[in-house]
Amino acid sequence: MWWSYQDVEEQKKQVQREIAKRKKRGEKFEVLPAPAGQKKLSTTFWGQSWCRNLESYQDYESRLPRGRSYLRQGKVYDLKIESGKLSAVVAGSELYDTSITIQPLPKKQWQQIVKSSAGQIGSMLDLLAGKLGDGLMKVLTDPDEGLFPKPKEIRFICSCPDHADMCKHVSAVLYGVGVLLDTRPELLFTLRGVDQAELLSNASSAAITDLSASEGDLAGVDLSAIFGIDLSTDIAIEAPPPAQKKSTKKKAVKKAAKKAKKS
């Protein structure tokens, strides 16, 4: 046991020496901070939904606990999320390069998501502010037709000697995605190769149609010309309830346009 403990300590020192060398060569080697002292790795709807989806992969359940442990110990470095790809360096008995490819979301599936999201104006305004409403979240996180990848859409490569389908280093990186989504949920769109602006455009068109078709002074008016912005792609206007008076309706539209220009 004494020799085993000494070996582990020497491995840790060796890893730290290698990290120091790489930093001198100009590599950032930024550790991915994971929350300590709390049961869940992620704290937001997006991050927790990603982790729940990951844990639904029954074929990998035996490897997931070690991945969580590695992440909590600060062993995941330089995690990058790009279109269809994750990459990171994970510290184990030595440093291992991990690369994960995820198939792009099928166009038909994305088009259905866009269609299903139409008319959820509140959710689109939340999207502009960097927040996502419950309605849109349910569409995007649907286990079968949402944005989250399925096991068959994931392929991974790790430089470690573990030849299992999913090693603990890959598991740590996948959990790391959940941590990043807590602060940058838009990265999920990036990963799946889709443009969230399409959701915004769809909602904006629906909102303008509703307002232009309303009765009163706003009926048939070119709202884009009035506000001096391209409402078809830039902003979704929240239509006031039908019971409001015409003057109140105008104020609501002007207020929304003013908010759009500021953003």
Side-chain angles (χ1 to χ4, degrees), residues 39-61 63-64 67-68 71 79-86 100-156 165-166 170-207 209-210 233 235-236 238-239:
K39 186 176 181 180
K40 295 181 178 180
L41 284 171
S42 300
T43 58
T44 68
F45 184 89
W46 275 118
Q48 290 178 4
S49 294
W50 171 273
C51 291
R52 281 196 296 269
N53 184 73
L54 177 62
E55 289 161 0
S56 70
Y57 302 161
Q58 295 181 358
D59 293 343
Y60 306 141
E61 60 184 357
R63 292 285 176 158
L64 295 178
R68 286 196 298 269
L71 182 60
L79 175 56
K80 296 180 181 178
I81 297 181
E82 304 171 281
S83 179
K85 183 178 181 181
L86 306 171
I100 303 171
T101 57
I102 295 179
Q103 294 178 13
L105 193 71
K107 291 184 178 180
K108 185 177 180 180
Q109 187 172 333
W110 173 242
Q111 290 170 356
Q112 183 58 45
I113 290 175
V114 173
K115 182 179 179 181
S116 299
S117 301
Q120 299 187 50
I121 307 304
S123 294
M124 294 305 107
L125 291 175
D126 286 341
L127 180 61
L128 283 176
K131 300 177 182 179
L132 298 173
D134 292 342
L136 183 56
M137 283 181 177
K138 290 179 181 178
V139 172
L140 297 176
T141 61
D142 182 87
D144 297 317
E145 303 297 333
L147 280 175
F148 293 121
K150 302 175 181 63
K152 65 181 181 181
E153 297 175 324
I154 304 175
R155 296 291 182 272
F156 28 79
D165 288 341
M166 176 188 283
V170 167
S171 172
V173 174
L174 288 173
Y175 269 118
V177 175
V179 173
L180 283 184
L181 291 183
D182 272 353
T183 55
R184 299 186 61 192
E186 72 277 6
L187 288 176
L188 181 58
F189 295 91
T190 299
L191 181 62
R192 298 314 311 272
V194 295
D195 183 3
Q196 65 266 35
E198 292 183 34
L199 297 174
L200 177 60
S201 176
N202 186 286
S204 301
S205 299
T209 299
D210 290 343
T233 57
I235 186 67
E238 184 175 8

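In this structure, NZ in Lys80 is found 12.5 Å from CG in Leu86, a value given to the nearest 0.5 Å. Between Leu54 atom CG and Ser171 atom OG the span is 6.0 Å, to the nearest 0.5 Å. How far CZ of Arg52 is from NZ of Lys40: 7.0 Å, rounded to the nearest 0.5 Å.
Partners of Thr44 by side-chain contact (heavy atoms from CB on, under 4.5 Å), not counting sequence neighbours, listed by chain and number: Trp46, Asp182. The salt bridge (Lys or Arg N to Asp or Glu O under 4.0 Å) search around Glu61 returns none, not counting sequence neighbours. Under the salt bridge (Lys or Arg N to Asp or Glu O under 4.0 Å) criterion, Glu145 pairs with no residue at all, not counting sequence neighbours. When the side-chain contact (heavy atoms from CB on, under 4.5 Å) test is applied to Glu153, the partners found at least two apart in sequence or on another chain are Gln103, Pro106, Pro149, Lys150, Arg192. Pro104 pairs by the side-chain contact (heavy atoms from CB on, under 4.5 Å) definition with nothing, not counting sequence neighbours. With sequence neighbours excluded, no residue forms a side-chain contact (heavy atoms from CB on, under 4.5 Å) with Pro143.
Residues Leu147 and Val194 form a side-chain contact, since some pair of their non-hydrogen atoms from C-beta on lies under 4.5 Å apart. Looking at Phe45 and Thr141, their side chains come closer than 4.5 Å, going by heavy atoms from C-beta outward. Side-chain contact between Trp50 and Leu191 is present, with at least one heavy-atom pair separated by less than 4.5 Å. Considering only heavy atoms from C-beta on, Leu174 stays 4.5 Å or farther from Tyr60 through its side chain. At a threshold of 4.5 Å between non-hydrogen side-chain atoms, the residues Leu64 and Tyr175 count as touching.
Nearest heavy atoms, Ser42 versus Cys51: OG-SG, 3.7 Å. What you find for Lys152 and Arg155 is that their closest heavy atoms are O-NH1, 3.2 Å. Nearest approach of Ile81 to Leu187, heavy atoms of both residues: CG2-O, 3.8 Å. Closest approach of Gln196 to Phe189, counting heavy atoms only: OE1-CB, 3.5 Å.
Checked by atom type and distance alone, the side chain of Ser116 never pairs as donor or acceptor with a backbone atom of Ile113 at under 3.5 Å.
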